[in-house]
There are 2 protein chains.
Amino acid sequence: MNNTRFATSVHILTLLALKPEEWLSSEFIAGSININPVIVRKEIIFLSGAGLIQTKKGKDGGAKLNRPASLIYLSEILEIVHYSDMLGRKNLNTNPQCFIGSQINERLDSLFKRTDLLIKESLGKQSLADFLNQF
Amino acid sequence: MNNTRFATSVHILTLLALKPEEWLSSEFIAGSININPVIVRKEIIFLSGAGLIQTKKGKDGGAKLNRPASLIYLSEILEIVHYSDMLGRKNLNTNPQCFIGSQINERLDSLFKRTDLLIKESLGKQSLADFLNQF
DNA sequence: TTAATTGTAATGTTTTTTATTACAATTAAA
DNA sequence: TTTAATTGTAATAAAAAACATTACAATTAA
């Protein structure tokens, strides 16, 4: 993947972790990341769907953490933003009549999956609180 | 990253590893991957620049491995395609007046670098020959 | 009743990635 | 010497992905 979704989600959650009692608005969060509030709201929907945060509509609404930052792991964030195939994309349409072309995507798949798992295991040891404590 | 460069390079090298004595043309290789030959030639330039393969111009020219596949590691390929920030991109332009916004990219950088290193170490244990042997 | 906010859709813009065309330079072989 | 095949390279086009923007209904608090 080559987008900013992981960085954006981590940023959102770090802000929420810093003020666990407050409802932070998408406008405020967007101002910290310096991106459009709609992008933040869309990302927040995923985080909320995964149970990491809760949101409140209407005046003085916003988002806040649903559990302590010490119980939120970076691996969860990675899963929420659908990161996989960290080593890139495969060439679809490889030649089915070629010995290599016909099988390479299965082999790459296996390699990619093992690599993704390695990263997830590593991020599974790092909590949002750990991350925030580095500031 | 969200491109096919790693997959393409591995594909090229796997074909070369299968026929270590032959000069394979970009046209032939492109036919196996099913992409444009110019893309293959461009990728080959990087592989050649890194010393993994050699090329021969003119009629009956092409590319072949420069060392045994058992001495080529997947980590080298990763480096050649300039993969880094495997966890994605950062939001540049974060708010310098925000406690989080002003520091998050340093923290993410550190996290991203550690993650990249982990992957490189893992791929450093897998040779091209190992990969080909799975076919 | 008003103001602030989320949720969502629709559309537009920018950036990244891949493909295509073209051709000079090189090399092998007829 | 001529021909054919090939790399190396540039320039441009097309396609895909990512991000931004606008708009507004629904909701909520004050």
Side-chain angles (χ1 to χ4, degrees), chain A residues 1-9 11-12 15-16 22-50 52-64 66 81-94, chain B residues 1-9 11-12 15-16 22-50 52-64 66 81-94:
Chain A
M1 293 296 165
N2 198 20
N3 58 33
T4 52
R5 286 194 62 201
F6 181 75
T8 299
S9 277
H11 196 139
I12 293 170
L15 287 169
L16 298 182
E22 298 179 26
W23 295 98
L24 302 187
S25 75
S26 62
E27 191 89 29
F28 172 80
I29 295 171
S32 170
I33 313 180
N34 217 329
I35 60 173
N36 197 285
V38 175
I39 310 279
V40 173
R41 297 208 276 274
K42 282 180 181 164
E43 206 57 53
I44 274 178
I45 288 170
F46 287 106
L47 299 173
S48 162
L52 263 53
I53 67 179
Q54 52 181 312
T55 63
K56 190 172 72 164
K57 282 184 166 182
K59 187 165 181 178
D60 294 331
K64 58 184 253 184
N66 230 349
V81 298
H82 298 133
Y83 266 27
S84 61
D85 289 1
M86 227 85 60
L87 293 176
R89 287 202 295 223
K90 292 183 276 287
N91 291 291
L92 316 172
N93 312 322
T94 50
Chain B
M1 292 298 166
N2 200 19
N3 58 33
T4 52
R5 288 193 62 200
F6 182 75
T8 299
S9 277
H11 196 140
I12 293 170
L15 287 169
L16 298 182
E22 299 179 25
W23 296 97
L24 302 187
S25 76
S26 63
E27 191 89 30
F28 171 79
I29 295 171
S32 170
I33 313 180
N34 217 331
I35 60 174
N36 197 286
V38 176
I39 309 279
V40 173
R41 296 208 278 274
K42 282 179 181 165
E43 205 57 52
I44 274 178
I45 288 170
F46 288 105
L47 298 173
S48 162
L52 264 53
I53 67 179
Q54 52 181 310
T55 62
K56 190 172 71 164
K57 281 184 166 182
K59 184 162 182 180
D60 294 331
K64 58 183 253 186
N66 230 350
V81 298
H82 298 133
Y83 266 28
S84 62
D85 289 0
M86 228 85 60
L87 292 175
R89 289 203 294 224
K90 293 183 274 289
N91 291 291
L92 316 172
N93 312 320
T94 51

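Numbers restart at 1 for each chain; the letters A, B, ... are given by sequence-line order, proteins then strands.
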Taking [atom1] from [X] and [atom2] from [N], how many angstroms apart are they, rounded to a whole number?
X     : N      : atom1 : atom2 : result
A:I39 : C:dT13 : CD1   : C1'   : 12 Å
A:F28 : C:dT6  : CZ    : C1'   : 17 Å
B:Q54 : D:dG8  : CD    : C1'   : 17 Å
B:I44 : D:dT6  : CD1   : C1'   : 11 Å

Kindly say if [X] contacts the phosphate of [N], meaning a side-chain N or O under 4.0 Å from OP1 or OP2.
X     : N      : value
A:N2  : C:dT17 : yes
B:R89 : D:dA18 : no
B:N36 : C:dT18 : no
A:T4  : D:dC19 : yes
A:T55 : C:dG7  : yes

Item to check | Base paired to D:dT2 (Watson-Crick or G-U; both N/O distances under 3.5 angstrom) | outcome: C:dA29
Next on the checklist: Checking A:E22 now: which residues fulfil side chain to side chain donor-acceptor pair (under 3.5 Å) with it, not counting sequence neighbours?
Outcome noted: none
Checklist entry - More than 12 non-hydrogen atoms from neighbouring residues, nucleotides or ligands closer than 6.0 Å to CD on A:E27, yes or no? => result no
Item to check | Nucleic acid footprint by protein, nucleotides 25-30 of chain C - heavy-atom cut-off 4.0 Å, B for base, S for sugar-phosphate alone | outcome: -BBBS-
Item to check | First encountered from the 5' end of DNA chain D, between B:K42 and B:S26 | outcome: B:S26
